[in-house]
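Everything numeric here is computed off the predicted structure, so don't read it as measured data.
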Amino acid sequence: MTANYSELEKKANELRIDVIKSLKEAGSGHPGGSLSAADIISVLYFHEMKVYPDDPYNKDRDKFVLSKGHAAPILYAALAHKGFFPVEDLMTLRKLGSSLQGHPDMKKVPGVDMSTGSLGQGISTAVGMAIAGKLDKSPGRVYAMLGDGELQEGIVWEAFMAAAHYELDNLVAIIDWNGIQIDGFNDDIMKVTPIDEKLKSFNWGVTVIDGHNIEEIVKAFEEARKCKGKPFAIIAKTIKGCGVSFMENLNSWHGKAPDDEQARKALEELGGVC
Amino acid sequence: MAEKIATRQAYGETLAALGERDENIVVLDADLSGSTMTKVFAGKFPDRFFNVGIAEQNLYGIAAGLAVSGKVVFASTFAMFATGRAFEIIRNSIGYPHANVKICATHAGVTVGEDGGSHQCIEDIALMRTIPGMVVLNPADAVSASKLIEKAYEIDGPVYVRLGRAAVPVIYDDKQDFELGKAVKLKDGKDFTIIATGIMVNEALIACEILKQEGIDVRVLDMHTIKPIDEEAIISAAKETKGIVTAEEHTIMGGLGSAVSEVVVRNHPVPMEFIGIKDVFGQSGKPAELLKEYNLTADDIVEAVKRLSSR
């Protein structure tokens with residue numbers, strides 16, 4: 001399928017708008033890492049992955065694990081726009097009784113393939129899902145998105161080691177490399193770089209891309225499909241809070257919702273209506 | 001003298017038999033397959049066995065991923081590393097999505113022996129009991145281990161099965177039926193009740209014989225399912241006898257004794273005594289020596305019943 005780059009860009013913007021609206025409504029949540037992941041999520045759900053909103057548990061589907069589960073708002077926005085549930089439901093984010101929990105819950109939301117939120121565990125479960133795919137000779141692929149700060153969790157490296165050992169070429173890890181975690185810059189708190197060299201030495205196929213360049217993202221997934229005999233990592237250089245100028249590159253926007261005025265300004269920049 | 005078989009041995013054989021029946025079963029281990037006995041399954045079904053290396057967190061993460069993909073997963077290591085090191089992975093990636101993983105953990109309790117306190121897990125029942133939806137099993141012998149593991153396989157959802165290293169006497173006849181959540185009344189009695197779990201069931205039976213000779217008529221229940229616990233059997237014991245002694249090879253904080261007392265206090269308060277580890281770590285020694293050291297013998301149960309009768 002040929003990608004329509006401008007459509008995917010437009011879609012990413014729509015998803016960003018819904019992230020801001022839903023977070024404002026919720027009054028809490030994680031905008032920074034949701035916005036940095038928006039372009040990748042747009043490509044995944046509107047170009048790369050085979051998923052079926054009318055048949056969410058189709059056994060041959062591609063699966064997505066949001067290992068950085070706090071970016072739930074961007075995943076929910078993509079699922080809603082894809083048709084898994086009504087877009088209006090996004091406004092129930094984090095509210096009592098809502099299926100849209102602060103972190104993704106597979107028991108509550110069709111389209112969520114794994115419950116995540118506790119960092120590091122998503123990639124480990126994705127390895128199990130990829131092994132199951134191999135056992136079942138399933139055509140479906142498994143995609144897991146991790147944060148860069150998340151790489152500080154030990155289980156991530158246990159999972160990376162296992163994925164290479166089992167030659168899981170049906171598994172793609174995307175590292176949202178925005179350089180910032182809740183307390184500050186990765187480099188000041190606990191260096192995770194060089195990520196590419198580390199993964200190469202763990203026997204993964206690796207590419208490093210601009211995580212906001214739709215064409216590069218599309219091509220990275222194509223490269224991943226061509227990688228045989230080992231798992232593939234897309235290290236995506238991103239900007240935390242990308243798309244909202246006053247949120248960009250600030251750790252203070254890791255886990256804080258915009259107030260009414262901030263949301264209005266953000267939506268103005270994104271071309272959305274408050 | 002009864003035949004002695006370790007519950008982990010029964011696990012290994014039962015798992016291999018289940019593997020024959022259902023090709024959807026996948027077994028995982030973390031470099032202890034020779035000790036947990038998953039090696040029996042591994043030998044027969046190498047394509048469905050994954051040794052993930054010395055990485056217990058990833059063991060249970062992978063188990064969760066396989067289970068949500070439709071596999072029936074048995075994932076084994078020592079109780080200490082399963083429930084201790086990997087607790088939060090079990091809680092969030094297995095418990096929270098109610099994944100169909102059977103956590104069959106061996107080498108529980110002080111009867112691990114010579115390896116010492118670092119390896120003697122006496123907290124596992126307490127830890128696993130706190131996870132919503134988790135079934136917690138602690139079989140007393142090889143027969144009940146085998147039958148309860150089959151029952152665990154039959155239900156869809158997470159189950160913790162506590163298994164031991166040491167060979168223990170076979171208590172049950174092969175014909176005995178087991179139901180999850182239903183205690184086995186091994187002896188009826190009207191004076192007091194001993195509610196035991198795991199290897200302490202055999203000690204309870206010996207204690208019952210000793211007490212009988214002294215004219216004390218004791219009921220013995222095998223509480224093989226700690227969760228969901230058999231409230232009916234506990235309430236009946238509280239109403240029909242004058243007090244309850246619980247016996248477990250586990251810390252008295254949060255284990256069988258706690259689970260039973262939660263039911264007793266709410267429904268029909270009677271005096272209770274707790275046989276178990278009293279807020280200390282274990283140490284190296286022979287299993288029998290350790291049971292004596294930590295007051296986990298039939299004689300200790302007898303003393304506890306007598307304390308009850310003088311209260």
Side-chain angles (χ1 to χ4, degrees), chain A residues 57-65 67 69 101-109 112-138 140-144 153-168 170-171, chain B residues 19 22-31 45-75 77 81-82 85-103 131-133 156-158:
Chain A
Y57 304 104
N58 182 302
K59 67 176 176 45
D60 291 335
R61 73 189 186 276
D62 290 332
K63 293 175 181 169
F64 178 68
V65 178
S67 202
Q101 295 291 296
H103 296 81
D105 182 342
M106 68 180 296
K107 289 294 195 199
K108 293 191 160 79
V109 188
V112 170
D113 292 313
M114 186 66 208
S115 301
T116 54
S118 177
L119 294 177
Q121 296 182 32
I123 182 64
S124 179
T125 62
V127 169
M129 291 157 83
I131 293 173
K134 290 278 181 191
L135 286 170
D136 293 338
K137 301 189 170 45
S138 164
R141 291 165 70 74
V142 180
Y143 299 84
E153 291 279 6
I155 188 176
V156 167
W157 301 94
E158 296 181 5
F160 283 164
M161 205 185 318
H165 179 82
Y166 296 122
E167 302 177 355
L168 301 176
N170 55 345
L171 174 68
Chain B
D22 184 352
E23 58 182 35
N24 208 30
I25 291 177
V26 177
V27 176
L28 305 179
D29 205 299
D31 197 41
F45 310 104
D47 297 345
R48 289 189 273 139
F49 174 77
F50 296 89
N51 192 333
V52 305
I54 309 162
E56 293 81 12
Q57 301 177 53
N58 197 38
L59 170 73
Y60 290 106
I62 291 178
L66 281 157
V68 301
S69 305
K71 300 293 171 193
V72 182
V73 186
F74 284 77
T77 179
F81 315 131
R85 191 188 203 103
F87 174 78
E88 200 249 348
I89 287 92
I90 293 174
R91 193 260 191 202
N92 274 325
S93 290
I94 294 175
Y96 191 49
H98 204 69
N100 196 11
V101 178
K102 314 308 170 191
I103 302 155
I131 299 173
D156 183 11

#### Entry: Nearest heavy atoms of B:S69 and A:A132, plus distance in Å
CB-CB, 3.4 Å
### Query
When you look at NZ of A:K59, are more than 12 heavy atoms from neighbouring residues, nucleotides or ligands closer to it than 6.0 Å?
no
### Summary
Rounded to the nearest 0.5 angstrom, the CD1-CG distance for A:I123 and B:N58 is 9.5 Å
### Contact leader toward chain B among A:M129, A:M106, A:E158, where contacts are heavy-atom pairs under 4.5 Å
A:E158
### Message
Taking every non-hydrogen pair under 4.5 Å, which of B:R91, B:K71, B:E56, B:H98 racks up the most with chain A?
### Response
B:K71
### chain A contact via B:Y60 - side chain, backbone, both or neither, heavy atoms under 4.5 Å
neither
### Query
Relative to chain A, which of B:A63, B:P97, B:A64 shows the most heavy atom pairs under 4.5 Å?
B:P97
### Task
Calculate, to the nearest 0.5 Å, the distance between atoms CZ and CD1 belonging to B:R48 and A:I131 respectively.
14.5 Å
### Query
Under 3.5 Å, side chain of B:N92 to main-chain N/O of A:S118, donor-acceptor pair present?
no
### Message
Need one label for B:D47: side chain, backbone, both or neither, based on atoms under 4.5 Å from any heavy atom in chain A.
### Response
backbone
### Message
When you compare the side chain of A:T125 with that of B:V68, does any pair of heavy atoms fall below 4.5 Å?
### Response
no
### Query
Any side-chain heavy-atom pair from B:L66 and A:L135 closer than 4.5 angstrom?
yes
## Note on the structure
Under 4.5 Å to a heavy atom of chain B? For A:Y166 that would be side chain
### Task
Examine whether an atom of B:V26 lies under 4.5 Å from a heavy atom of chain A, and if so say whether it belongs to the side chain, the backbone or both; otherwise answer neither.
side chain
### Task
Can you tell which part of A:A126 gets under 4.5 Å to a heavy atom of chain B, answering side chain, backbone, both or neither?
neither
### Query
Should we count CZ of B:R85 as having more than 12 external heavy atoms under 6.0 Å?
no
### Query
Nearest heavy-atom pair of B:Y96 and A:K107: which atoms, and what distance?
O-CG, 4.4 Å
